[in-house]
Amino acid sequence: MKYQSDIEIAQSKELKHIKEIAQKINVKEDDLEMYGKYKAKLPLSLIDDEQIAQNNLILVTALTPTPAGEGKTTTSIGLTEGLNKIGKQATVVLREPSLGPVFGIKGGAAGGGFSQVVPMEDINLHFTGDFNAVEKANNLLSALIDNNIQSKTKNLNIDPRTILWKRVIDMNDRSLRDITIGLGGTANGVPRQDGFNITPASEVMAILCMASDLENLKERLGNIFIGFTYDNKPIFAKDLKAQNAMGILLKDAIKPNLVQTLEENPAIIHGGPFANIAQGTNTIIATKMGLSLSNYVVTEAGFGADLGAEKFLNIKSQFAHLNPKCVVLVATIRALRHHGGAKSEDYNTPSLEKVKDGFKNLEKHIENIRKFNIEPVVAVNAFTSDSKEEIDFVVKKCASMGVTAVLSKGWEKGGEGTTDLAKAVVEVVEHKASTYKPLYDWKSPIKDKIEVIAKEIYGAINVEYSKQAQLNLRRIDRLGFNDFAVCMAKTQKSFSDNDALIGRPENFTVTVREIEIASGAQFVIPILGKMMRMPGLPVKPASENMSIDKNGVISGLS
């Protein structure tokens, strides 16, 4: 296929030295902390609150996706290229990929086609070591907890049965969800039940994404809630004097990473929480860095707008005092067919009727974005299997709701394929933008916040709480955490907590199974239905399609 060979040529061209990319956003070479020729860290001293207030933040989200995703990252990068094409100074700010999805179901997460960030292999693999630092900081705390339980002289009287802190690893590995540690005799620790989450679900990752600077990072790390003593007193990471050592491990990870797009525009990539089990957005520091250095910043939030965008707007924007000017809703014709009842083998078969039936999913997302006082633009991410009549229907149907829908060809053409989208976004920013408003006040009771999200965003008619969730609510109240934000853990496949309910389900109830506490990040995590914070690999992992030759050239990663 010609496109594929052209993309490979584009990927293989000699990249601009990162200092040349930095010049585009007026960053001096002396400010860069180099990681080779094409990657660098940016110092936090470059963040400028006055510039942040003057510049424009664009959020890219999507309708409820199919398992392969609908191209938010590709659209985010393409839109950035398009904005630069029409004369705007734009930077894309993204999350770092996790090795779990890279080797699991999705493969790489650095965009696609002619809308990619590079060096792609580095970004998808170990990059600048941020994920490793998060993992090590998390597991240092785990080691300190078990060491304290073992100690006969400095024991804090921690009750092992109450420990909520889990170890993490950046891999999909379901066998680690529930494990027993400390076996093999007294020299090997105290036996207890434990488990692993995937690294993007670590509270350390959440804290990294919420922190404003190194001191704030340390304070948040110290506030991590671990469990209780035998006499029922709460224990925090600061009781173990863990925050400084954890902060040392994160001293470089807190700095955003600068790379480039295929069209040699700046890209900042930092932090990597999933949107179905965590915030789903990059760090506050990275977003503010972008807004300090560029007139337009394009960022994305994971999965559908009911997950990443809801958390971006209710948690990140509210806490960081950000004001998104426009939300781009990515839709694909194949996803509309899916929500209209098409089976996976028919996703690429044109069907206007399926698209008409599936539009109700996109319609609900449009309604939801407007609840935040933000005007959306719909980006129809183009595929060769799309028919003209299907695209025309989506454009006209959106127009009937007063929403501009634009065909986006960023994968095929890069910035040339997204100039219309860029113009539509600028029109909203310059003529229709207003001050966004969150959906709830953090000071509201936890149950009220959960129900606002479930009913307003998901469309549920009721919320039920298991016995465990009710106990968790009482614990939250006792610990004084009622004024925390709410970060829902829910399937990305449906507005509901049931994977099978596609489209726009109605008259459904969501069930809160349990509620985890992330006191350092200042939110609680209600876990809905059967959601897991450690994914498993699919029957055929993406890793099976990857190879590396004798010269170290990698294929199958993107």
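Just so we're clear, the structure is a prediction, and the values are computed from it rather than from any experiment.
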Review point. How many angstroms lie between atom CG of L156 and atom OG of S151, to the nearest 0.5 angstrom?
Key: 8.5 Å
Point to revise | Residues that K255 engages under salt bridge (Lys or Arg N to Asp or Glu O under 4.0 Å), provided they are two or more places apart | key: E33, D252
Please table the atom pairs, donor to acceptor, closer than 3.5 Å between any side-chain atom in residues 18-27 and protein atoms at least two apart or in another chain.
{"from": "K24", "atom 1": "NZ", "to": "E264", "atom 2": "O", "distance (Å)": "2.5"}

Sequence neighbours excluded and cut-off under 3.5 Å, please list the side-chain donor-acceptor pairs for residues 510-533, or say none.
{"from": "R513", "atom 1": "NH1", "to": "G529", "atom 2": "O", "distance (Å)": "2.7"}
{"from": "R513", "atom 1": "NH1", "to": "M531", "atom 2": "O", "distance (Å)": "3.1"}
{"from": "R513", "atom 1": "NH2", "to": "M531", "atom 2": "O", "distance (Å)": "3.2"}
{"from": "E516", "atom 1": "OE1", "to": "R533", "atom 2": "NE", "distance (Å)": "3.0"}
{"from": "E516", "atom 1": "OE1", "to": "R533", "atom 2": "NH2", "distance (Å)": "3.4"}
{"from": "S519", "atom 1": "OG", "to": "N223", "atom 2": "O", "distance (Å)": "2.5"}
{"from": "S519", "atom 1": "OG", "to": "F225", "atom 2": "N", "distance (Å)": "2.9"}
{"from": "Q522", "atom 1": "OE1", "to": "R220", "atom 2": "NH1", "distance (Å)": "3.4"}
{"from": "Q522", "atom 1": "OE1", "to": "R220", "atom 2": "NH2", "distance (Å)": "3.2"}
{"from": "R533", "atom 1": "NH1", "to": "I277", "atom 2": "O", "distance (Å)": "2.7"}
{"from": "R533", "atom 1": "NH2", "to": "A201", "atom 2": "O", "distance (Å)": "2.9"}

Check your understanding: Is any side-chain heavy atom of L473 closer than 4.5 Å to a side-chain heavy atom of I446?
Key -> yes
Point to revise | Pair D159-R161, salt bridge (charged side-chain N to carboxylate O under 4.0 Å, His left out): steps then yes or no | key: CA-CA 5 Å; D159 183 348; R161 299 166 299 179; 2.9 Å; yes
Check your understanding: With a 4.5 Å limit on heavy-atom distance, are the side chains of L42 and L32 in contact?
Key -> yes
Review point. Taking the side chain from Q260 and the backbone from K16, do they hold a donor-acceptor pair closer than 3.5 Å?
Key: yes
Review point. Does the side chain of L313 come within less than 4.5 Å of P438's, by heavy atoms?
Key: no
Check your understanding: Under 4.5 Å between any side-chain heavy atoms of D170 and M205, yes or no?
Key -> no
Exercise for review: May I ask you to check whether over 12 heavy atoms, not counting those of Q470, lie within 6.0 Å of atom CD?
Suggested key: yes
Practice item. Classify the angle between the aromatic ring planes of F236 and F481 as parallel (below 30°), tilted (30 to 60°) or perpendicular (above 60°). Key: perpendicular
Review point. In terms of side-chain heavy atoms, does K316 have a donor or acceptor partner in N282 at a distance below 3.5 Å?
Key: yes
Check your understanding: Without hydrogens or angle criteria, can the side chains of T128 and N257 be said to hold a donor-acceptor pair below 3.5 Å?
Key -> yes
Practice item. Using a 4.5 Å cut-off on heavy atoms from C-beta on, say whether the side chain of Y440 contacts that of D448. Key: no
**Study point:** Over 12 foreign heavy atoms within 6.0 Å of CD, E544
**Key:** yes
Exercise for review: Evaluate the side-chain proximity of M289 to T283: yes if any heavy-atom separation is below 4.5 Å, no if none is.
Suggested key: no
Check your understanding: Judged by atom type as modelled, is there a donor-acceptor pair below 3.5 Å linking the side chain of K72 to the main-chain atoms of A62?
Key -> no
Practice item. Count the heavy atoms belonging to other residues, nucleotides or ligands that lie under 6.0 Å from NZ of K39, then report whether that count exceeds 12. Key: yes
**Study point:** Side-chain heavy-atom pair T73, R95 within 4.5 angstrom cut-off
**Key:** no
Check your understanding: Given side chains that start at C-beta, do those of L439 and F372 come closer than 4.5 Å, heavy atoms only?
Key -> yes
Practice item. May I ask you to say whether D477 pairs ionically with K447, meaning some side-chain N is under 4.0 Å from a carboxylate O? Key: no
Check your understanding: When you check the side-chain N and O atoms of N498 and S496, is any donor under 3.5 Å from an acceptor?
Key -> no
Check your understanding: Is it true that D239 and K233 have a side-chain N and a carboxylate O under 4.0 angstrom from each other?
Key -> no
Revision key, fill the gap. Separation between OG1 (T199) and CG (L99), nearest 0.5 Å, reads 8.5 Å
Check your understanding: Is there a donor-acceptor pair closer than 3.5 Å between any side-chain N or O of N55 and the backbone N or O of Q51?
Key -> yes
Check your understanding: Will you find, in the side chains of S555 and S547, an N or O donor that is under 3.5 Å from an N or O acceptor?
Key -> yes
